[in-house]
Enquirer: 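Supplied in structure tokens, the structure appears directly below.
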Amino acid sequence: MEKREAYRRIQELRRLINYHNYRYYVLDSPEISDEAYDALFRELKKLEEKYPEFVTPDSPTQRVGFKPLDKFETVSHAVPMLSLENAMKESELMEFKNRISRLLGVDDVDYVAEPKIDGLAVELVYENGTFVRGATRGDGYTGEDVTLNLKTIKSVPLSLFGPPEAPPIPSRIDVRGEVYMEIRDFETLNKQREANGEPPFANPRNAAAGSLRQLDPNVTASRPLKIFCYGVGLVEGYNFQTQWDVLQTLKRWGLRINDRIKLCDNIVEVVEYCRNFQEIRGTLPYETDGVVVKVNDLEKQRILGEKTRAPRWAIAYKFPAEEAVTRLIDIEVQVGRTGALTPVAVLEPVNVGGVTVRRATLHNQDEIERKDIRIGDTVVVKRAGDVIPEVVRVVKEKRKGTEKPFRMVERCPVCGSKVYKLPDEAIYRCLNVRCPAQIKGSIVHFASKGAMDIEGLGEKIVSMLVDKGFLKDISDIYRLKEKAEDLERLEGFGRKSVSNLLHAIESSKQPSLARFLYALGIRHVGEHMAHILAEHFGSLDKIMSASPEELTAIPGIGDKVAHSIYHYFRNPENLKLIRDLFELGVRVIEEGASEREGVLDGKTFVFTGALKSMTRSEASRVVKALGGKVASSVSRNTDFVVVGENPGSKFEKAQKLGIRILTEDEFMQLVERGRA
Ligand code: IVH
């Protein structure tokens with residue numbers, strides 16, 4: 001491609017990617033498939049590699065790949081980031097309104113009501129539409145420069161949309177917003193952390209703050225952060241009239257705005273909004289602790305002005321926390337996949353915000369000591385959204401003196417072996433690799449969705465199969481087919497469900513390298529890390545023989561992770577497990593390696609009808625791993641159409657165009673050959 005043409009294509013690709021990014025991350029309504037998006041991204045990456053002189057800091061390729069910092073620089077906010085006064089009751093909202101009408105000499109004004117997201121406040125500085133700097137709120141006057149970390153958040157645009165789609169971009173605008181983590185993402189992250197022996201975050205807000213304030217941007221990139229923008233600081237070259245105007249215009253420039261904001265005509269509508277919002281807050285994907293109410297007219301805001309720390313034109317209406325008081329009957333100890341022991345509070349059942357709570361996590365021994373929680377205590381329990389309930393504090397006034405301090409068990413409650421606390425960890429562990437709790441946990445993990453994805457091997461079934469002696473370690477999964485008849489006799493298992501399970505097990509035998517690595521359950525190797533490793537090394541052999549130095553040389557991999565990987569592959573038991581899996585027919589698809597010499601190189605596949613031995617997405621993975629492509633419709637560029645049961649119109653079209661048709665078996669043969 002000629003250089004000038006390449007430049008034009010680069011510009012075009014960036015425009016397209018930014019647009020689809022916006023559809024996906026800001027509007028939550030994508031227009032193209034993930035594959036199509038990835039293709040655009042890859043094309044841009046390739047062109048930029050060929051013409052590095054065209055790379056700009058706001059290119060969509062420039063979100064990741066930065067080295068860890070030694071420390072954050074401090075930056076001062078051009079306009080201070082104030083905090084808000086709170087209204088704890090509806091009557092305090094009325095007082096807020098009365099003060100405003102008195103100061104302005106009017107009856108009432110219009111307001112914007114916005115969800116108050118529980119995360120951390122940041123400022124994004126855009127110069128001529130390009131994101132140049134971002135900082136935390138800090139003390140309101142100066143914050144920490146977290147530019148590189150903010151860049152990794154996909155809903156933070158690296159450049160704003162300008163005309164003709166949107167209003168002219170100001171020469172400088174400081175956008176304010178809240179970085180947060182959705183509740184489900186928070187829970188997944190905590191599960192991973194507990195599995196890795198890392199202390200879990202107490203709540204989504206701490207998780208968001210901890211993730212954004214990482215010196216290594218690669219860590220931030222691996223955390224599922226989002227942003228909602230809610231205001232502006234310094235603005236040069238644009239005149240907003242109202243807060244509503246601010247929000248709508250920010251949205252048109254491509255910034256992410258909460259869609260539950262409401263323009264209210266008067267305080268009565270605001271109160272109504274607050275009541276409604278309180279009702280539905282438990283159904284939202286994120287945590288909120290209230291509603292922010294702002295005078296809409298910016299001129300009126302200016303007249304009202306501010307006190308030392310907070311403006312007179314806004315207030316935070318706070319919801320009562322979803323808390324309840326109950327008795328802590330006992331503290332049990334749970335054993336996880338890595339042997340981590342987690343104390344769990346057994347509670348007298350209590351209703352918290354409409355849900356009955358019976359158990360609450362106590363995280364670890366240190367946490368129990370810090371909060372001085374004793375068995376028999378009266379405690380305050382909190383439940384936030386879908387988050388695992390937690391013991392907030394003890395009501396010490398209710399103590400009778402009969403309460404018993406918790407002592408960590410000396411022996412594993414599951415296998416009875418001695419437990420240990422490793423020097424640099426907050427938690428105790430059972431170190432017996434044969435502990436049934438660990439065996440169960442590691443099998444469940446191995447079979448889980450992001451790993452080998454074996455449907456039907458969830459917690460309950462695995463627990464039963466381990467207890468009944470069918471599974472003694474991970475590799476036994478692939479020996480189950482020899483015991484089909486015995487399985488059929490188990491309670492709750494019929495011929496059909498056994499056949500489904502065995503089928504799911506068979507079709508899990510060709511994992512990608514990343515999935516396989518993740519499935520092994522190596523400490524500190526989560527899904528993201530597994531992908532980094534797979535991409536970098538391209539083959540299991542290379543990973544297995546990598547030295548700690550080779551591992552730490554990879555961005556995103558620190559000493560702890562490198563150490564863990566290195567030692568995992570030096571442990572004879574682990575090596576035996578891998579050997580056994582291979583002997584039992586597991587074949588890792590080595591993407592990097594096979595892509596280069598893939599037999600399906602450049603070939604395009606279309607699937608129609610249901611496949612028996614794998615799902616569509618597994619089939620796509622296999623094709624891609626061997627260098628092929630998968631398309632959703634048949635055209636002259638299609639090389640093969642794979643026909644499963646009840647094929648659709650694609651089958652006819654393929655026949656018409658004379659495209660090579662493969663049965664599922666033929667496809668499997670082709671794939672097998674590809675791997676040989
Ligand atoms: S406005 C002067 N709007 O709440 C205006 N704040 O105590 C101050 N927050 O630090 C902020 N959602 O972290 C505003 N829609 C929203 C908000 C919001 C969350 C947080 C923000 C701020 C704190 C105010």
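Just follow the structure's listing: the first ligand is 1, and inside any ligand the first atom is 1. None of the values given here were measured: they were computed from a predicted structure.
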Enquirer: Return a table of N or O atom pairs, ligand 1 on one side and protein on the other, at distances under 3.5 Å, rounded to 0.1 Å.
Expert:
residue: ligand 1; atom: 3 (N); partner: Lys294; partner atom: NZ; Å: 3.0
residue: ligand 1; atom: 4 (O); partner: Lys116; partner atom: NZ; Å: 3.2
residue: ligand 1; atom: 7 (O); partner: Leu84; partner atom: N; Å: 3.4
residue: ligand 1; atom: 12 (N); partner: Ile117; partner atom: N; Å: 3.3
residue: ligand 1; atom: 13 (O); partner: Glu178; partner atom: OE1; Å: 2.5
residue: ligand 1; atom: 13 (O); partner: Glu178; partner atom: OE2; Å: 3.2
residue: ligand 1; atom: 15 (N); partner: Glu114; partner atom: OE1; Å: 2.7

Enquirer: Using the side chain to side chain donor-acceptor pair (under 3.5 Å) rule, pick out the option among Glu369, His363, Glu367 that qualifies with Gln365.
Expert: Glu369
Enquirer: Passes salt bridge (Lys or Arg N to Asp or Glu O under 4.0 Å), Glu269 versus Lys262? Steps please.
Expert: CA-CA 9 Å; Glu269 278 187 22; Lys262 185 168 190 266; 3.6 Å; yes
Enquirer: Any ring-ring contact (aromatic ring centres under 6.0 Å, His included) pairs touching residues 14-36, not counting sequence neighbours?
Expert: Tyr22-Phe161
Enquirer: Please state whether the rings of Phe240 and Trp253 are parallel, tilted or perpendicular, taking 30° and 60° as the class boundaries.
Expert: perpendicular
Enquirer: Can you check whether Pro170 reaches Glu236 side chain to side chain, under 4.5 Å on heavy atoms?
Expert: no
Enquirer: Any chance the rings of His531 and Tyr518 have centres within less than 6.0 Å?
Expert: no
